[in-house]
Amino acid sequence: MELLAPAGSPEALQAAVQAGADAVYLGCGPLNARQNAKNFPPEALPEAVAYCHLRGVKVYLTMNTLLTDRELAQAAQLGAQASAAGVDAILVQDLGVAKLLREHCPDVPLHGSTQMTVCTLDGVQACADLGLERVVLARELPGEAIRFLCQHSPIELEVFAHGALCLCYSGQCALSAMVGGRSGNRGLCAQPCRLPYQSAGGGKGHPLSLKDLSLVDALGELEDMGVACVKIEGRMKRPEYVFLVTEVYAAALRERRTATQAERQRLAAAFSRGFTDGYYRDQVGPAMLGTRPEGQREPEALFTQARQTYQKEPRRVPVSLSGQLRDKPLTVAVTDRQGHQVAALGDVPEAARTRAITPEQLEAQLRKTGGTVYVPDQVTVQVEPGLSVPLSAVNALRRQALDALDQARTAVLPRRTLPVTLPGKGTPSARAPQMALSFRYWKQLSEEILAEKPALVYLPSQEMARHQRDLKALMARHPSTRFAVVFPRIFWDRELPQLRRELSAAQAAGVDCALLHHIGQLPLAAEFGFAPRGDFDLGLLNSFTARELARLGFVSATGSFEARWEQLRDLEKPLEFEVLAYGQLPLMITQQDLVGNQGGQGALDLRDRKGADFPVERAWGGRSELFNGKRLWLADRLADLTALGADWLRLHFLREEAGQCAAVLAAYREGAAPPEDFTRGLYYRGVQ
């Protein structure tokens, strides 16, 4: 099982390699999920890759953020540079970036980032269908689910084993973007989840901060399951941290054991908010919450020892050397465990005048690999008696052979770079957009609001199942309004029987379309004959993503609410385009039951240090969603929404009563001015 370590800087790369990593992951410039790491300039990639490949370590480049159209040219250039440098794979989140790299650099393997929120076998298969060779699973999955996916996956699966845990499912968080303009989906998360919050009952604490992940005791289980790679988080951490953690995990993997007490102490000393394996053990709850003690100092003595160790080049590459001293040109050959084989030829030995060279002497000279990365694990010699050769000649041939092996190990195979046509500006339609109303609860839907003949109504699957008969009757009375079932944002394979029952009820009521949150939900929609519509969490921020969603069969897609108005306006729109225009925007989806963690029964409100409120609602499957406290209001900006080419405006209702929902719809029909406390979201200010 491969051990993948973080390399947020050149020194961290050295630390990871020398600690025993099988592969490292790193970023170049701003197109990765850790923009604030030191990262690597693109021109430094060849040297970094050569350093790693010489020592038998793979290099994965992270391009795992959502990109805009203006950034696609930079992504294409970086992909070509990475391909030429010989990186072993590129990690992606954005469907459009995956499409771009497949077309532009078709010979570079692609891996799906954990930012893709893959939780199900259909999600894994969808990644495989995109041409990805590996996918990093969501960190929330328990061991049972990981085992199931490994048994059925057509591609390699990677699992996080150590480091920081986000409370929100990766790729689904907009909290940092909304409160501070720094997007986690763009690599600049400000970690507001680590700050204190106050609940409505007055309790203070850190309800959104999780302990750090540690699966050092589960490595054998993961390997037996068939996990291809375990990953250490930490591109923002110091090189010494990277060395200490990687060394512990490398030793545990190599020796097929759990960590010793001394190793656990080193892991905790390097950095810890407390450790948890709650997700893996399927034991989710408040015991997983934790923070780092204030004022905790870094272990300078331990870090100094680590730094002194990795700077000495402790990692050596085992090789087999052979020497032949016969009545033919002197030959020195070297073979490594990856199958590279090189040889150096010298002069024909002369007959010995005084003392012939012995097999022991020849072997001793071949073993002198100091000053290189190599260590001989096997040396064989063939020496005919009575021959002599200067020992300096043997040394020179050994150096020549090892230099040739350096070249063989760091050689970059030819790869294609094909032309790609980048998107131009889209040509938005000038027609007035239609209204789509999204209700969280059945009780919000009224005859009054349906009398206004909204074109489309969204209802969650569980609400449709609970009110199937009433839904069928309602649809019969209002044939001009189309109803779409909203899939859960997150579900696992073991939850499919329940979800299928709910979808079957919606189908029986006459529903024929569905709002999806992931490309892995397409097969389930097709199973019930639902026309697929795409929600905001598909990450539609560039035209290549729009093209890919259209190719996959979506009839509509919702623009990311982290995009600026101009970015949405200029998108190509090969399918119907929807925009969130009203409501409390969803900022987090978490496996934790935040309401239950706080001892509550129903909904919950959290308040941050600045007095801003964040409603929390229970979500499908016992999960939780956290929403922005202020309502998005664009009723007085309908001209802008029409100009950007929106086919649909969605009004997203969370806790509003039925009468309030009707009033909001009327306000949007009239272009009414905003209420006192509102937000324009990110459409006009954007994110970093």
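- With respect to the salt-bridge test (charged N to carboxylate O, under 4.0 angstrom), the residues D570 and R564 do not qualify.
- The aromatic ring centroids of Y668 and W633 lie less than 6.0 Å from each other.
- Remark: the backbone N or O of N64 is not paired with any side-chain donor or acceptor of T62 at under 3.5 angstrom.
- Evaluation of the salt bridge (Lys or Arg N to Asp or Glu O under 4.0 Å) test over residues 167-178, restricted to residues two or more places apart or in two chains, returns none.
- Electrostatic pairing of R134 and E2 counts as a salt bridge here, judged by a charged N lying under 4.0 Å from a carboxylate O.
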* Evaluation steps, salt bridge (Lys or Arg N to Asp or Glu O under 4.0 Å), between D613 and K630 -> CA-CA 8 Å; D613 291 326; K630 293 183 178 181; over 6 Å; no
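- Listed for the S9 side chain is a donor-acceptor partner under 3.5 Å among the backbone atoms of A12.
- Counting only distance, with no hydrogens or angles, the side chain of D535 and the backbone of H517 share no donor-acceptor pair below 3.5 Å.
- At distances below 3.5 Å, at least one donor-acceptor pair connects side-chain atoms of Q521 with backbone N or O atoms of P488.
- For the residue pair Y169 / Q591, a side-chain donor-acceptor distance below 3.5 Å is found, with atom types taken as modelled.
- For the pair D640 and R680, the salt-bridge criterion is not met [side-chain N within less than 4.0 Å of a carboxylate O].
- Residues T558 and R650 have side chains that bring a donor and an acceptor to within less than 3.5 angstrom of each other.
- A side-chain donor-acceptor contact under 3.5 Å links E71 to the backbone of T68.
- Among residues two or more places apart in sequence or in another chain, the ring-ring contact (aromatic ring centres under 6.0 Å, His included) test is passed with Y197 by none.
- If you take CG on L100 and OG1 on T545, they are separated by 10.0 Å, rounding to the nearest 0.5 Å.
- The side-chain hydrogen bond (donor to acceptor under 3.5 Å, both in side chains) test applied to R415 returns no partner, not counting sequence neighbours.
- Electrostatic pairing of R655 and E617 counts as a salt bridge here, judged by a charged N lying under 4.0 Å from a carboxylate O.
- Contacts of F439 classified as ring-ring contact (aromatic ring centres under 6.0 Å, His included), with partners at least two apart in sequence or in another chain: F653.
- Ion pairing between a basic and an acidic side chain is recognised when a charged N comes within 4.0 Å of a carboxylate O; D647 and K573 show no such pairing.
- With hydrogens and angles disregarded, no donor-acceptor distance shorter than 3.5 Å links the side chain of R533 to the backbone of A514.
- Note on R500 versus E527: salt bridge recorded, some NZ/NE/NH1/NH2 to OD/OE distance being below 4.0 Å.
- Taking the side-chain hydrogen bond (donor to acceptor under 3.5 Å, both in side chains) definition, one finds that T679 meets it with nothing, sequence neighbours left out.
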Could you pull out all donor-acceptor pairs under 3.5 Å where a side-chain atom in residues 119-126 meets a protein atom, sequence neighbours excluded?
unit_1: T120; atom_1: OG1; unit_2: G123; atom_2: N; d: 3.0
unit_1: Q125; atom_1: NE2; unit_2: D129; atom_2: OD1; d: 2.9

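- Of the possible polar contacts, one joining the T114 side chain to the L137 backbone as a donor-acceptor pair under 3.5 Å is found.
- Partners of E233 by salt bridge (charged side-chain N to carboxylate O under 4.0 Å, His left out), not counting sequence neighbours, listed by chain and number: R34, K237.
- A salt bridge does not link D94 to R186: none of the charged nitrogens lies less than 4.0 Å from a carboxylate oxygen.
- Closest of all the heavy-atom pairs between C173 and N185 is O-ND2, 3.5 Å.
- Residue pairs that meet the salt bridge (Lys or Arg N to Asp or Glu O under 4.0 Å) test with at least one member in residues 541-553, sequence neighbours left out, are R102-E548, R547-E572, E548-R551.
- Judged by distance alone, the side chains of Y280 and E140 never bring a donor and an acceptor atom under 3.5 Å apart.
- By the ring-ring contact (aromatic ring centres under 6.0 Å, His included) test, F561 is found to be paired with F536, residues two or more places apart in sequence or in another chain being considered.
- Here H104 pairs with nothing under the ring-ring contact (aromatic ring centres under 6.0 Å, His included) rule; sequence neighbours left out.
- When all heavy atoms are compared, the tightest approach of E103 to L418 is O-CB, 3.5 Å.
- Under the rule for a side-chain hydrogen bond (donor to acceptor under 3.5 Å, both in side chains), the partners of D88 that lie at least two apart in sequence or sit in another chain are H53.
- Using a cut-off of 4.0 Å between Lys/Arg side-chain N and Asp/Glu carboxylate O, D537 and R489 are scored as salt-bridged.
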* Stepwise salt bridge (Lys or Arg N to Asp or Glu O under 4.0 Å) check, D593 with R618 -> CA-CA 7 Å; D593 177 3; R618 280 203 166 102; 3.0 Å; yes
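- The local environment of CZ in R70 is sparse, with at most 12 non-hydrogen atoms from other residues, nucleotides or ligands closer than 6.0 Å.
- Sequence neighbours left out, the pairs with a member in residues 109-128 that pass ring pair (Phe, Tyr, Trp, His ring centres under 6.0 Å) are Y60-H111.
- Looking at heavy atoms from C-beta onward, L130 lies in side-chain contact with L95 at the 4.5 angstrom threshold.
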